[in-house]
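Notes for the one structure printed next.
Note that the coordinates shown come from a computational prediction; the quantities given were computed from them, not determined experimentally. Note that these values count all heavy atoms, side chains included, but never hydrogens, waters or copies made by symmetry. Quick note on labels: first sequence line is chain A, next is B, and so on, each numbered from 1.
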2 protein chains.
Amino acid sequence: MNPLAIPEIVIRRLPLYLRTLNLLVDDGQTVTSSQELGDRLGISSTQIRKDLSYFGEFGKQGTGYDIRYLRDQLRQILQVDRHWNLVLIGAGDLGRAVLRYSGFEEGGFSIVAVLDKDERKIGRQIGKLKVLAIARLPEVIKEYGTQIAIIAVPASDAQEVANALVRAGVKAILTYAPITLSLPANVCVEYIDPVIGLQSMAYSLSPGHA
Amino acid sequence: MNPLAIPEIVIRRLPLYLRTLNLLVDDGQTVTSSQELGDRLGISSTQIRKDLSYFGEFGKQGTGYDIRYLRDQLRQILQVDRHWNLVLIGAGDLGRAVLRYSGFEEGGFSIVAVLDKDERKIGRQIGKLKVLAIARLPEVIKEYGTQIAIIAVPASDAQEVANALVRAGVKAILTYAPITLSLPANVCVEYIDPVIGLQSMAYSLSPGHA
DNA sequence: TAGATTGTTAATCGATTAACAATC
DNA sequence: TAGATTGTTAATCGATTAACAATC
């Protein structure tokens with residue numbers, strides 16, 4: 001089966017399955033079903049089975065799925081059965097919140113450096129990391145073999161930062177800046193913009209909708 | 001035209017169009033085209049015209065769209081031509097970053113109160129707001145006519161907070177907690193979980209993909 | 001065995017896009 | 001007018017789901 005044939009939308013659901021399996025493990029449960037996973041996620045059981053079938057057969061008829069086994073398989077598929085070294089650009093409020101969020105580590109990602117262009121922030125300690133000058137980006141990327149970066153700078157600086165990241169060899173970017181980045185086709189990008197979600201909910205809240 | 005017939009996915013793109021129009025206004029531009037908008041967003045011009053056509057005719061053949069006019073129309077459609085009063089639950093690092101982010105205000109949302117259950121945080125000043133006890137949720141919601149809330153508490157507390165919000169009459173929730181919430185069907189929810197995006201990029205970065 | 005649940009096919013459903021008439 | 005761009009239709013494309021054989 002050609003992995004290139006797997007729809008992007010399927011890939012984007014796998015982390016949700018993984019997250020739910022982790023919660024079930026924490027609950028001490030050992031076996032689950034596509035029905036239970038679907039109920040937890042608001043997704044149909046058929047869709048979950050179909051999604052998993054792109055990658056193999058992980059369940060037992062009549063029984064369901066061994067939670068730890070399926071979790072480990074999904075980790076392998078998503079390549080988060082190891083840790084990725086991330087760099088974070090931007091040491092403002094958002095950058096600090098990102099640094100202190102434990103979910104990255106649990107999800108298979110370690111932030112190994114934080115960089116900023118603001119002279120006043122450089123040298124400051126945030127958790128275990130000291131803020132580095134943005135000029136040191138290339139050496140940091142090289143030292144840690146980093147392929148993924150997080151952008152937490154204002155929108156006005158984001159494209160410039162993205163360009164620097166691409167020049168330094170970064171292959172994937174998660175950005176909090178509310179602006180669409182221009183990037184080479186071979187660089188992945190994910191956008192986090194809470195306002196998009198709020199505005200689409202505002203539409204639904206207006207009288208006459210939903 | 002029945003507004004209920006408009007696909008959710010179309011609604012979710014309108015904020016992107018609005019965001020781009022705002023950037024173009026900032027650049028001093030007065031007219032744009034579906035082509036230009038599409039180039040900026042990585043969306044086809046046909047799709048943009050099709051999306052807009054659900055709501056009316058906003059352009060001129062041969063010329064394109066008046067940026068301010070289209071922006072104002074989109075604001076009306078999305079109901080962000082006014083401000084919504086939001087409450088924020090959670091005054092940790094993430095809550096503080098949310099409070100200091102100016103994008104909400106620019107997008108049509110004002111955070112009017114921040115609440116936390118941690119005694120040590122209650123009474124602390126964050127920007128213009130003083131952290132309130134979670135017990136005061138109902139009165140705050142009532143006072144400000146709030147319909148939308150932001151959850152910035154740990155995953156383990158998120159469902160409980162969501163329940164309290166629903167009881168208090170909140171109709172839409174933006175949550176940063178990495179857990180799928182159980183909510184009545186008439187309550188909107190948007191999830192922000194950066195790890196989902198990172199994990200799907202990790203898949204794409206593995207040798208043989210992308 | 002009977003009941004439950006998987007993996008998969010084929011049908012349905014919905015979203016995107018190509019093409020183009022209308023018209024500024 | 002000629003060129004550009006919209007709004008819209010119909011065709012294409014892709015994703016979801018219903019149904020069910022397989023089997024634990």
Side-chain angles (χ1 to χ4, degrees), chain A residues 1-17 20-21 24 29-74 77 196 200 203, chain B residues 1-17 20-21 24 29-74 77 196 200 203:
Chain A
M1 201 168 293
N2 179 4
L4 291 174
I6 296 166
E8 173 68 17
I9 197 164
V10 172
I11 303 299
R12 295 189 58 82
R13 277 192 295 261
L14 299 186
L16 297 172
Y17 304 160
T20 307
L21 292 166
L24 290 170
Q29 214 172 309
T30 60
V31 170
T32 189
S33 65
S34 58
Q35 183 69 53
E36 183 180 41
L37 286 173
D39 288 348
R40 290 229 179 193
L41 286 164
I43 290 176
S44 77
S45 62
T46 306
Q47 180 154 83
I48 290 174
R49 294 199 304 279
K50 171 82 169 168
D51 285 352
L52 296 176
S53 77
Y54 282 100
F55 303 95
E57 306 190 356
F58 306 108
K60 262 202 187 73
Q61 282 104 326
T63 310
Y65 302 90
D66 180 274
I67 293 175
R68 282 168 188 278
Y69 176 73
L70 183 56
R71 179 190 62 173
D72 292 346
Q73 292 295 309
L74 285 178
I77 291 164
I196 302 299
S200 62
Y203 173 85
Chain B
M1 201 169 293
N2 178 3
L4 291 176
I6 295 166
E8 173 68 17
I9 197 164
V10 171
I11 303 299
R12 295 189 60 79
R13 279 192 294 262
L14 300 186
L16 297 173
Y17 303 160
T20 307
L21 292 166
L24 290 170
Q29 215 173 309
T30 59
V31 170
T32 189
S33 64
S34 57
Q35 183 69 52
E36 182 180 42
L37 286 172
D39 288 347
R40 290 231 180 192
L41 285 164
I43 289 176
S44 76
S45 62
T46 306
Q47 181 154 81
I48 292 174
R49 293 199 303 279
K50 171 82 170 168
D51 286 353
L52 295 177
S53 77
Y54 283 101
F55 303 95
E57 306 189 357
F58 306 108
K60 258 201 189 73
Q61 282 104 326
T63 310
Y65 301 90
D66 180 274
I67 292 176
R68 282 169 187 277
Y69 175 72
L70 182 56
R71 179 190 62 174
D72 291 346
Q73 291 295 308
L74 285 179
I77 292 165
I196 302 299
S200 62
Y203 173 86

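- Taking the nucleotide of DNA chain C with the nearest heavy atom to each of A:F58 and B:R13, the more 5' of the two is matched to A:F58.
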Run the side-chain donor-acceptor check on residues 62-72 of chain A: report pairs under 3.5 Å with partners two or more places apart or on a different chain.
| residue | atom | partner | partner atom | Å |
| --- | --- | --- | --- | --- |
| A:D66 | OD1 | A:R68 | N | 3.3 |
| A:D66 | OD1 | A:Y69 | N | 2.8 |

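- Among all heavy-atom pairs drawn from A:Y203 and B:I77, the shortest one is CD1-O, 3.2 Å.
- B:E8 has its CD atom 14 Å from the P atom of D:dT16, to the nearest Å.
- With sequence neighbours excluded, no residue forms a side chain to side chain contact (heavy atoms under 4.5 Å, CB included) with B:Q61.
- Between the CG atom of A:L52 and the P atom of C:dT5 there is a distance of 16 Å, rounded to whole Å.
- C:dA15 atom C1' lies 13 Å from atom CD1 of B:I43, rounded to whole Å.
- A heavy-atom distance below 4.0 Å to DNA chain D is reached by these residues of residues 33-40 of chain B, ordered by number: B:S33, B:S34.
- Considering all non-hydrogen atoms of both residues, B:L52 and B:F58 come closest at O-CE1, 3.5 Å.
- Residue A:I48 contributes atom CD1, which lies 11 Å from atom P of D:dT17 at whole-angstrom precision.
- Closest non-hydrogen pair, A:Y17 versus A:Q47, comes out as OH-O, 4.3 Å.
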Using nucleotides 21-23 of chain D, report all nitrogen or oxygen pairs with the protein that are shorter than 3.5 Å.
| residue | atom | partner | partner atom | Å |
| --- | --- | --- | --- | --- |
| D:dT23 | O4' | A:Q61 | NE2 | 3.4 |

For DNA chain C, what dot-bracket results from Watson-Crick or G-U pairs at under 3.5 Å, with [ ] for crossers and | for inter-strand partners? ..||||||||||||||||||||||
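- Smallest separation of non-hydrogen atoms from A:I196 and B:R12: CG2-O, 3.9 Å.
- Nearest heavy-atom pair across B:S34 and B:R49 is OG-NH1, 3.0 Å.
- If you measure from atom CG of B:D51 to atom C1' of C:dT16, you get 10 Å, rounded to the nearest angstrom.
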Worked check of side chain to side chain contact (heavy atoms under 4.5 Å, CB included) between B:L21 and B:L37: CA-CA 8 Å; B:L21 292 166; B:L37 286 172; 4.0 Å; yes
Show the distances under 3.5 angstrom between N or O atoms of the protein and N or O atoms of nucleotides 8-14 of chain D.
| residue | atom | partner | partner atom | Å |
| --- | --- | --- | --- | --- |
| D:dT8 | OP1 | B:E57 | OE2 | 3.4 |

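- Here NZ of A:K60 is found 14.5 Å from OG of A:S33. Values are rounded to the nearest 0.5 Å.
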